[in-house]
Amino acid sequence: MKTAIVLGAGMVGVATALDLQDRGFKVTLVDRRPPGRETSFGNAGIIQSESVEPYAMPRGIRELFDIATGRSNDVVYALRELPGHLGPLLRYWWHSEKGRHRAISTSYASLIAQAAGTHDQLIRRAGADNLIQRSGYRTLYRSTAKFEEGLRKAEEIRAAFGTKFRALTADETLAEEPGLTSAGAGAIHWAEPWTVASPGDLVSAYAALFEREGGTFVEASVEELRQSVSGEEWLVRTSAGLLNARHVVIALGVWASGALKPLGLNFPMVLKRGYHAHYASPRPLGHTTMDTENGYVLAPMRAGTRITTGAHLTLPGKPPVYRQLERAERAAGELMALGDRVEDTPWSGTRPCMPDMLPVIGPAPRHRNLWLNFGHGHQGFTLGPASAKLLGALIEGVRPAVEPSPFRADR
Ligand SMILES: Cc1cc2nc3c(=O)[nH]c(=O)nc-3n(C[C@H](O)[C@H](O)[C@H](O)COP(=O)(O)OP(=O)(O)OC[C@H]3O[C@@H](n4cnc5c(N)ncnc54)[C@H](O)[C@@H]3O)c2cc1C
């Protein structure tokens, strides 16, 4: 019997568990919380097939000055915490150089090209179509100069990757989006992305499909991971007892680095915390919209209009800083009648970003039958099922649809 344990039931882990089950494995999925309650719960819910380039670190003097002086709402940080994550941040900065970023984007685009199709299969099988809107999303620009810059960039992306978009003047944006009271200089409508009315519920629906089709979900904390003496099996000590299987997959998102350390495996990440809050808007938007110059997203969701913020570079356990959310709230109030906050306390969660912006998908460097699937940064919700298919093929020993070498741990 082919057996596997998947650790972590976010979008990446649940999709991995389903893929392995489809390949005839008997799979146990483990998480200390119900599926999809952490980072995969709190994101902007965009299945971003347009996002062919991973999110690079700004390198322009002006942008860096804005971040350093706290003028940018895209990225905030505390100077005193910087030494704690300077190493991975510097590597991220190095990989963000134009030529290196272009090469990375080619690999990234090959994986993201599989995102919509792989989600689609799961959405249909899980009966989750009621959560999905397949009509794109928008990036809105406040100033003509930024709008023109955005359009130039969009044209480059279209030329390189065939990505579909259309430009909307401010009047056209307002006509198509009656919930907006102002549309700045205009917007780009990206045609291909899909948006999800409740990201956590989509993960739950995929997890329910996994269980319906024979998978086992164990709600327990993973405490220790070790190989059996024969080296043929993996043993996972959890708060609910000992589990064993031939293969183990680490899909623990931002917690993967900590889980791998005791095995001597070192995967430093750039930790980009984000926040969200919901608002009871009287006229919700029809499309998820990013207010580009103010670094936040407005997403119409079941729970209300969700504002999600950019990156707060901070260390685990540090208290929340709501500066970005408060600024976003003020900026959003200039675009629409936002309404009152739904919850008392905003949500926060951390994007697991690798310094070279590519997720780690493949075998662990030294341990047989230990598999890695984490580090999906800004697009793990999008990439979960596509990454699962790539890893599943590697575990089964068949040729994957995507070239695996750029994603290997020892790249
Ligand atoms: C504000 C914000 C907006 C975003 N917007 C988007 C977007 O629009 N589109 C997009 O594609 N991506 C987006 N992302 C990124 C995306 O949310 C993440 O990349 C993705 O959710 C990562 O999924 P994951 O399964 O790797 O991790 P997670 O969803 O965090 O899952 C990891 C799981 O591991 C479990 N775990 C950890 N430690 C243990 C342990 N010891 N024992 C048991 N279980 C454990 C956790 O409980 C958790 O369920 C956004 C992120 C943020 C923060």
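Both ligands and their constituent atoms are indexed starting at 1 by order of listing.
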How far is [atom] from the closest protein heavy atom, and which atom is that?
| atom | value |
| --- | --- |
| atom 30 (O) of ligand 1 | T39 OG1, 2.7 Å |
| atom 5 (N) of ligand 1 | A44 N, 3.0 Å |
| atom 49 (O) of ligand 1 | D31 OD2, 2.5 Å |
| atom 36 (N) of ligand 1 | L252 CD2, 3.6 Å |
| atom 43 (C) of ligand 1 | R32 N, 3.2 Å |
| atom 4 (C) of ligand 1 | N43 CB, 3.1 Å |
| atom 41 (N) of ligand 1 | V222 O, 3.4 Å |

Practice problem: Under 4.0 Å, heavy atoms only, figure out whether ligand 1 is touched by the backbone of W255, its side chain, both or neither. | Solution: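 W255 to ligand 1: side-chain contact only, backbone stays beyond 4.0 Å.
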Quiz prompt | R273 contact mode with ligand 1 (heavy-atom cut-off under 4.0 Å) | solution =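 Neither part.
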Among [options], which residue places a heavy atom closest to [atom]?
| atom | options | value |
| --- | --- | --- |
| atom 22 (C) of ligand 1 | G349, G253, G10, S40 | S40 |
| atom 14 (N) of ligand 1 | E219, H378, Q48 | H378 |
| atom 1 (C) of ligand 1 | E223, H376, R351, R33 | R351 |

Quiz item: Can we call the ring centroids of H287 and Y137 under 6.0 Å apart?
Solution: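 For H287 and Y137, the ring centres are not under 6.0 Å apart.
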Between ligand 1 and [X], is the shortest N or O to N or O distance under 3.5 Å?
| X | result |
| --- | --- |
| K272 | no |
| I46 | yes |
| G380 | yes |
| V12 | yes |
| F381 | yes |

Self-check item: SB check E233 R246 (cutoff 4.0 Å)
Solution: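 Salt bridge between E233 and R246, a charged N being under 4.0 Å from a carboxylate O: no.
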Quiz item: Less than 4.0 Å between a side-chain N and a carboxylate O, is that true for R134 and D120?
Solution: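 Answer for the salt bridge query: yes.
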Quiz prompt | Criterion side-chain contact (heavy atoms from CB on, under 4.5 Å) on F407 and L390, from CA distance to verdict | solution = CA-CA 10 Å; F407 307 101; L390 169 53; 3.9 Å; yes
What are the atoms of ligand 1, with element, lying closer than 4.0 Å to any heavy atom of [X]?
| X | value |
| --- | --- |
| G377 | 15 (C), 18 (C), 19 (O) |
| G45 | 8 (O) |
| Q379 | 10 (C), 11 (O), 12 (N) |
| T382 | 9 (N), 10 (C), 11 (O) |

Quiz item: Are side-chain N/O atoms of Y108 and Q379 paired as donor and acceptor at under 3.5 Å?
Solution: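 Indeed, the side chains of Y108 and Q379 share at least one donor-acceptor pair under 3.5 Å.
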Self-check item: Side-chain donor-acceptor contact under 3.5 Å, Y296 with E329
Solution: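 On atom types as modelled, these side chains do not qualify, holding no pair under 3.5 Å.
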Quiz item: Within the side chain of R368, is there an N or O that forms a donor-acceptor pair under 3.5 Å with the backbone of H247?
Solution: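 Answer holds: no.
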Quiz item: Is the side chain of Q21 donor-acceptor paired with the backbone N or O of G215 at a distance under 3.5 Å, no angle test?
Solution: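 Here the side-chain-to-backbone pair exists.
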If we only consider heavy atoms of [X], is any one of them less than 4.0 Å away from an atom in ligand 1?
| X | answer |
| --- | --- |
| M11 | yes |
| R37 | no |
| A220 | yes |

Self-check item: Check: M11 and L202 side chains under 4.5 Å, non-hydrogen atoms
Solution: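 Yes, their side chains come closer than 4.5 Å.
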Within 45° of the axis and under 6.0 Å from the centre of the six-membered ring of [Y], does NZ or CZ of [X] qualify?
| X | Y | result |
| --- | --- | --- |
| R32 | W255 | yes |
| R100 | W94 | yes |
| K2 | F25 | yes |

Quiz prompt | Option passing salt bridge (charged side-chain N to carboxylate O under 4.0 Å, His left out) with R138 (candidates E172, E177, E50) | solution =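 Among E172, E177, E50, the one that satisfies the salt bridge (charged side-chain N to carboxylate O under 4.0 Å, His left out) with R138 is E177.
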Practice problem: For the pair W347 and H276, name the ring-plane relationship: parallel under 30°, tilted 30 to 60°, perpendicular over 60°. | Solution: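 W347 and H276: parallel rings.
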